[in-house]
S.K.: 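The structure follows.
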Amino acid sequence: MAKTTPSPPVISTLPAFNADEDPDTYLSEASVAEVRAFEKRTRQNIELRKKELRSMVGEQYIDLISAADTIIDMDKKCKSIRESLDRMRTACTTQTIQSKAAELRSNSDQKEPKDDKGQQQYVLAALIKSLADVPKQIWHALESHQYLLAGSLYTLAEQVHAYLESEEAFTIDVDLAFPVIQRQWDAISFFRSQIIQKSMHHLRAATVTSEDVAQILMTLVLLDGMTMESTLQILLDRRGQVIKEHVAAQGIGSKEQHARLPRQLRDMAAVIRTTLLDVYHVFVAPSGNEPNMLAHYVARMQESFMIPQTTAAANPSSASGHAASSPATDPQAWSPVVTRMFSPIVNAHLLIRHLPEKIHQFTPSIHAGTPPTADAIHKATLQWLRTIKTDVDAQLPSILKPLTTHASLWQVRVMLDDFLLEQGDKSQWQRVCNDVLREPYSIYDDLFRVSFNAHGRAIVDAGFDVLTKQPKEKIWPAIVNRQEDAAKNGFQLAPPLWPSMMDPKQPALQLPTLASSLEIESFKTALRQVSSESTPLLTEFVQLFDRTLDTLRLDAASHTDMDSAKQARFQSDVNALAKYFQEQCQAAAIGYMDGIQSLLDQLKQWSNREDANKLSIWLGRLAKHIGEQSQQLARCLTLTNGRADMFELKSDVGKDPRVLDLERRFHAMYQQAHQLWMDWMYDKFEHQLDLVLATTSWDDTCPAAAVWERVSDGVVLPTVASHEIEEIAFDLCQAIQHYHCTRLEMTVLRALCETLHDRMVQVLTRFMAQSPVITEKGATQLLFDVCFIHRLLQEHAPPASQLEFAGPIKQKIDPINWATMESCFDDNVDRFYLKQTLLLGNILRTNNDTFER
């Protein structure tokens, strides 16, 4: 809204108001008189602007009509000028000018006397003018990448300079009369190296047409004296340098390199494809006795020194035939070089008419040799492709390094394949491969496929390497302190089953209320953890193991996002990668167990056996839980999509053998992890038993004999084991309870009891070999203690009379007395063993024979 000058008496006190402000705010701040004054001023402003708009439109209407008439008049004149130019172009063709010039020369020879001096002046002026205009023409040709035109102009300028230097051509000393000629030639001679250098550099561009490549190679033949066979090698060398630069080019950062990677690979593929097409169109003869494109250029320039005109024709490589529409084979598309010497702004036709016949008829002397044979083309191209493959195989792994997932790798792979499929038709590419390489050739399959598959395997290796390092890098720091000599503070071997000492009123398992489904589920989860002895830390690492495998599996299966045609195209690669993934998954699981084994080996060196036992058993439980609970391990080994099969058997029937093998390995690792604790138990048990046997009196003063009971007529037998032996059994059960709560596998327990029994036999044998003082009463109590421990540690307990290792003890008992007590002795041992199970629980309940009896 335009602002106006306010009226002095009222508006001077009006508050400022902007168009963006709310009118309600203005109305609440100003008085009624101020608002009315502001409204009046605004309406006046509106009327004033309407008048100005009507005045402006009325004054400019005539000018608008005049401008429209002028535009129509300009359009008519432009059409007239265009028609005149078309007539001039038709009347000023090269053939018309040459015929007119010949007619004028014949007429002048017939009608007028010949003026040699004037004619020489015209010739000299035309030649000097050509030398003066050639640098500018060469510059224009170089800027528009017309290197054959630039080279031809230089060659013709060289001939003009040689003509001016010849003494018999003119009656005067040209150098003395016109010193500018030498200076001009010095400026022109500078272009030769520039044309050669720029031509060879332009060969590197993969966007040029085969026609442009042929013209550039013809320029090198014309100026540098190359042969047609050497130009083939030049073309391959320059394109090879481009590919080497693409291979060696790497971004500063990984993100930058990742962004430019698809374009980098597409450029490499485009250079290879374009080079093979250029070799085919430029060096391979179409059919029969027809020359190839480069040989046709050489012949045409030697015949009449003509060059093809610049046209917007399509790339011959995209034509259906072999350069069917190429300007090289179209006689109407060629023009003499002499017509391009002069600047377009001068009357070139008059100057060309006065050029000497020697310049008009000049043809360069070209020693291009013979065209390369089909065998030479085949050999050179194959060697070039081998060199390219060597460089790509060496550098492509580092180029693909920023691709750290299979999804990104498949994306680049598909983009490259799509690009190659879009380039031309298959029939033409097959002809190129058959004529040049004499064998089928696929840029992706023969050049990139091996490296892509190798990088896919490298991604798999890197992913599973993270998994195998989890025991050392994740688990070990989480369970040990910084000094690595004790368990971390707060480490739990098993979830607490009883109320905490810090808060006795808070039980470990809180009973849920019936109205809360969440509490019930939480109670079930806690109950399952307690029953399986799963601590939060143990559950965390089992889940970490599964999450890692799930991430790797989903990434490896990212090819399923492709359409069916792409999946069929890369089916062999997909199958090979899937097989490798499964093999590496199995190897990674074994490596994970090796990592756990290395941690167990470190724990064996600890002097703190208490913490070492806890950590080793905890590591064994981790291995067991992974083998039993891991869902992703089986999916990775079979590469399934993770959906549960409703018909899947819960037993091991039908399971993949690799899954079963790994489950057995994890279970064996669980058992092996108990070895450190079991060795500690063996040593402790042996030491305690050896100490008890050595310090207890096994004569008539044996302390346990005081509680013998009468079992039959006059027969008094031991009914309880020695107090020290009971303490050994209690310590044994207490250690199992301390480390294993209520869960200890039967296989581990049996192995523990078997070895403990062997140690007992060794200690007893060693003790009896020392010939201790043992009376009959002491021998009877000792035999009772030994039979009790035997029943405690053995699954099947024969009668005492059949225990071979107890033979030396029975020798201390009178045979007659033994015959009397034998019938009741085993019953007392069994009765005492059953009583102890009430005290010790069923932790060591391995003896079934006693319960059956």
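The model shown is predicted, which means the values in this text are computed figures rather than measured ones.
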S.K.: Ring centres under 6.0 Å, that's the criterion: do Tyr592 and Phe464 meet it?
M.R.: no
S.K.: So, Ser144 side chain and Ala141 main chain: donor-acceptor pair closer than 3.5 Å or not?
M.R.: yes
S.K.: Check this for me: does any side-chain nitrogen of one of Arg413 and Asp417 sit under 4.0 Å from a carboxylate oxygen of the other?
M.R.: no
S.K.: Are the side chain of Asp391 and the backbone of Ile243 linked by a donor-acceptor contact shorter than 3.5 Å?
M.R.: no
S.K.: Please list, chain by chain and in numerical order, all residues satisfying side-chain contact (heavy atoms from CB on, under 4.5 Å) with Ser427, sequence neighbours excluded.
M.R.: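 Ser427: side-chain contact (heavy atoms from CB on, under 4.5 Å) contacts with Asp425, Arg431.
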S.K.: Ignoring hydrogens and geometry, is there a side-chain-to-backbone donor-acceptor pair from Thr387 to Gln383 under 3.5 Å?
M.R.: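 At least one qualifying donor-acceptor pair exists.
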S.K.: How close do Gln582 and Arg658 get, counting heavy atoms only, and between which atoms?
M.R.: OE1-NH1, 3.3 Å
S.K.: What pair of heavy atoms forms the shortest contact from Ala269 to Phe419, and how long is it?
M.R.: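 Closest heavy-atom pair between Ala269 and Phe419: CB-CE2, 4.3 Å.
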S.K.: Keeping the roles fixed (side chain from His378, backbone from Val436), state whether a donor-acceptor pair exists under 3.5 Å.
M.R.: yes
S.K.: Backbone N or O of Met268 within a donor-acceptor pair of the His246 side chain at under 3.5 Å?
M.R.: no
S.K.: Is a side-chain donor or acceptor of Lys472 paired with a backbone partner of Gly595 at a separation under 3.5 angstrom?
M.R.: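 The answer is no, because no donor-acceptor pair under 3.5 Å joins these two groups.
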S.K.: Report the residues that fulfil side-chain contact (heavy atoms from CB on, under 4.5 Å) with Asp375, sequence neighbours left out, ordered by chain and then residue number.
M.R.: Thr373, Arg438
S.K.: Side chains of Leu385 and Leu437: does their closest heavy-atom pair fall under 4.5 Å?
M.R.: yes
S.K.: Report the C-alpha separation of Thr209 and Asp212 in whole Å, then their side-chain angles, then the decisive distance to 0.1 Å, and conclude whether the side chain to side chain donor-acceptor pair (under 3.5 Å) test is met.
M.R.: CA-CA 5 Å; Thr209 64; Asp212 295 333; 3.1 Å; yes
S.K.: Are Asp550 and Arg547 close enough, and set up right, to give a salt bridge (charged side-chain N to carboxylate O under 4.0 Å, His left out), and what steps lead you there?
M.R.: CA-CA 5 Å; Asp550 185 49; Arg547 284 198 307 271; over 6 Å; no
S.K.: Taking Val271's backbone N and O only, do any of them form a donor-acceptor pair with Thr274's side chain (distance below 3.5 Å, no angle check)?
M.R.: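 Checked: no pair found.
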S.K.: Does Val414 reach the side chain of Phe570, with side-chain heavy atoms less than 4.5 Å apart?
M.R.: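 Answer yes - side chains close enough.
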S.K.: So if I apply the side chain to side chain contact (heavy atoms under 4.5 Å, CB included) rule between Val298 and each of Gln302, His296, Arg300, which one comes out positive?
M.R.: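 Filter result, single survivor: Gln302.
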S.K.: Let me see the working for Ile216 and Thr231 under side-chain contact (heavy atoms from CB on, under 4.5 Å), right down to the final yes or no.
M.R.: CA-CA 10 Å; Ile216 293 173; Thr231 56; over 6 Å; no
S.K.: What I'd like to find out is whether the side chain of Glu229 reaches to under 4.5 Å of the side chain of Leu232, using heavy atoms alone.
M.R.: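 Not touching, per the 4.5 Å side-chain cut-off.
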S.K.: Compare every heavy atom of Leu467 with every heavy atom of Phe545, then report the nearest pair and how far apart it is.
M.R.: CD1-CD1, 3.6 Å
S.K.: Heavy atoms only: give me the nearest Pro308-Leu148 pair and the separation to one decimal.
M.R.: CD-CD2, 3.9 Å
S.K.: Counting C-beta onward and ignoring hydrogens, is there a side-chain heavy-atom pair between Leu637 and Glu583 closer than 4.5 Å?
M.R.: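 Sidechains of Glu583 and Leu637: no contact.
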S.K.: If you define the side chain from C-beta out and look only at heavy atoms, does anything of Thr405 sit under 4.5 Å from Ile459?
M.R.: no
S.K.: Is any side-chain heavy atom of Lys469 less than 4.5 Å from a side-chain heavy atom of Lys474?
M.R.: no
S.K.: Given the rule in the side-chain contact (heavy atoms from CB on, under 4.5 Å) test, do Arg273 and Trp429 qualify, once you have shown the distances and angles that lead to the verdict?
M.R.: CA-CA 9 Å; Arg273 179 182 176 86; Trp429 180 252; 3.4 Å; yes
S.K.: Short question: side chain of Gln215, backbone of Tyr147 - any donor-acceptor pair under 3.5 Å?
M.R.: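 No.
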S.K.: Which atom names give the shortest non-hydrogen contact between Val247 and Gln264, and what distance separates them?
M.R.: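 Heavy atoms only, the tightest pair is O-NE2, 4.2 Å.
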S.K.: Taking His406 for the side chain and Asp555 for the main chain, is one N or O donor matched with an acceptor at less than 3.5 Å?
M.R.: no
S.K.: Check step by step if salt bridge (charged side-chain N to carboxylate O under 4.0 Å, His left out) holds for Asp86 and Arg82.
M.R.: CA-CA 6 Å; Asp86 292 339; Arg82 188 183 299 109; over 6 Å; no
S.K.: Would you find a donor on one side and an acceptor on the other, under 3.5 Å apart, between the side chain of Gln137 and the backbone of Arg340?
M.R.: yes
S.K.: Please report the closest heavy-atom contact between Ile596 and Ala623, naming both atoms and the distance.
M.R.: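 Ile596 and Ala623 have their closest heavy atoms at CD1-CB, 4.3 Å.
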S.K.: Between Leu662 and Ile590, is any pair of side-chain heavy atoms under 4.5 Å apart?
M.R.: yes
S.K.: Could you walk me through whether Arg553 and Leu549 satisfy the side-chain contact (heavy atoms from CB on, under 4.5 Å) test, starting with their C-alpha distance in whole Å, then the side-chain angles of each, then the deciding distance to 0.1 Å, before giving a yes or no?
M.R.: CA-CA 6 Å; Arg553 180 183 60 82; Leu549 286 181; over 6 Å; no
S.K.: Does any part of the side chain of Tyr280, heavy atoms only, come nearer than 4.5 Å to the side chain of Ile377, both counted from C-beta?
M.R.: no
S.K.: Test side chain to side chain donor-acceptor pair (under 3.5 Å) on Thr227 and Ser230 and set out the steps.
M.R.: CA-CA 5 Å; Thr227 62; Ser230 63; 3.2 Å; yes
S.K.: Report the C-alpha separation of Arg449 and Asp573 in whole Å, then their side-chain angles, then the decisive distance to 0.1 Å, and conclude whether the salt bridge (charged side-chain N to carboxylate O under 4.0 Å, His left out) test is met.
M.R.: CA-CA 9 Å; Arg449 182 180 181 182; Asp573 295 342; 2.7 Å; yes
S.K.: When you look at Asp546 and Gln631, which way does the side chain to side chain donor-acceptor pair (under 3.5 Å) test go after all the steps?
M.R.: CA-CA 7 Å; Asp546 262 15; Gln631 299 178 356; over 6 Å; no
S.K.: Would you sort out whether Arg204 and Gln241 count as a side-chain contact (heavy atoms from CB on, under 4.5 Å), showing the intermediate values?
M.R.: CA-CA 8 Å; Arg204 296 161 50 90; Gln241 290 179 1; 3.7 Å; yes
